[in-house]
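Working notes for the structure below.
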Amino acid sequence: MIRFKSVTLHYGGGDVVQEIDLHVRPGESKVVLGPSGVGKSTILKAILGLLKPETGEIYVQGHAISKLPEQELVKIRLGMAMVFQHGALFDSMTVGQNVSYRIRERQLMNPEATSKRVQEVLKFVGLEGALKLKPAQLSGGMKKRVAIARALAPNPEIFLFDEPTVGLDPINSYNVEQLILKLKTRKVTMMIVTHDVQSAMRLADTIVMLHQGKFIFEGTPEELKKSTDNRVRAFLDPSTASTLDSL
Ligand SMILES: Nc1ncnc2c1ncn2[C@@H]1O[C@H](COP(=O)(O)OP(=O)(O)O)[C@@H](O)[C@H]1O
Ligand SMILES: [Mg+2]
C-alpha cells in the first residue's frame, strides 16, 4: 500500500530523514516510533505528496507519487485519510457537517446515503448523539473521535494517524486506542506515528523506530521489547540506559 525506496526528505535546514526504506502491506498496522522532532509528521506529509523527496521514491498503492502532477496527486489522496494531531475540525460546521465534508466535497453519495453514512460512522465512534453539536461544545477526546469518524466517512483504504493519543487523558487515550484497534479488526491499512512506546506496542503489527534520520529498528512489539540496541533501549526505558551517551 505504501513503499519508501531510499527516501531522503528535507526542508531548507537540512535532511530530516536520509535514504529510508519502508513498506506498509495491505491490512497492516505500522507504527513509526520516535522522539519529538525526529521527522514522523514529515514522513506523513511526504506520503500525502505535500513534501517531495530529495532522493528516492514513494509509492502509494503502486503509484510513484514524487513526479505526479497535482491533479493526479489529488486522486491518490482520495484513497487516504489523515487524522491530524489536533483533530483539525472545522469550527463553524456541526459534527455532522464535519463528518460528511469529504463525501459532499467529492459528491460521493446522494444526500440520503450521506446522512446514513454519517450516522453509521458516528455510531462507530460512539457519538451518535453529537450530530448537531459544534466542535466548541466537545471535549478533546470527543473531537478526536469526530476526526476519526470524518476520516472514516469516505471509506478510505489507508489511514494515517499523527500522534492519535497525544494530549488526551488516560480514559480518552484508551477510547481512541480502542477505536483504532476496532479499525484494525476490519483489516484497514494504517500508518500511525507516535512517540508513545506503550501506545505503539498496543496498536502495531510492526513498529519501525526512527532515530537521527534513519530507521534503526523494524519488528513486532515483542521484538522491540527484546531489542539489545542501546539506542532502542534508551528510548524504551531511559532510566536503565546510559542515556546521555547513546542519544
Ligand atoms: N515546515 C517546516 N519547515 C522547516 N522545518 C520543518 C518544517 N516542519 C518540520 N520541520 C523540522 O523537521 C524536523 C522534523 O519535524 P517533524 O516531522 O514535525 O517531527 P516529529 O513529527 O517527529 O515531531 C524538525 O527538526 C522540525 O523542526
Ligand atoms: Mg509530529
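Both ligands and their constituent atoms are indexed starting at 1 by order of listing.
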More than 12 heavy atoms from other groups under 6.0 Å of NZ on Lys116: no
Numbered atoms and elements of ligand 1 in range of Gly37, under 4.0 angstrom, heavy atoms: 13 (C), 14 (C), 19 (O), 20 (P), 22 (O), 23 (O), 24 (C), 25 (O)
For atom 17 (O) of ligand 1, the protein heavy atom that lies nearest, with its residue and separation: Thr42 OG1, 2.5 Å
Polar proximity ligand 1 side, Val16 side, N/O cut 3.5 Å exclusive: no
Atoms in ligand 1 with a heavy atom of Lys40 nearer than 4.0 Å: 17 (O), 19 (O), 20 (P), 21 (O), 22 (O), 23 (O)
Enumerated ligand 1 atoms positioned under 4.0 Å from heavy atoms of Pro35: 22 (O)
Same cluster (ILVMFWY, side-chain, under 4.5 Å), Val83 and Val166: no
Distance-only donor-acceptor check, side chains Glu19 and Thr55, under 3.5 Å: no
Distance-minimising heavy-atom pair for Ser100 and Thr114: CB-CG2, 3.7 Å
Carboxylate-amine/guanidinium contact Arg77 Glu70, below 4.0 Å: yes
The Mg ion (ligand 2) to nearest N/O/S of Thr42 less than 2.8 Å: no
Geometric cation-pi criterion, Arg150 with Phe90: 6.0 Å, 45°: yes
Whether over 12 other heavy atoms sit under 6.0 Å from Lys123 NZ: no
Nearest non-hydrogen protein atom, atom 12 (O) of ligand 1: Tyr11 CE1, 3.4 Å
Residue, atom name and distance, where the atom is the protein heavy atom closest to atom 19 (O) of ligand 1: Gly39 N, 3.2 Å
Close-contact set for ligand 1 against Ser36 heavy atoms, below 4.0 Å: 23 (O)
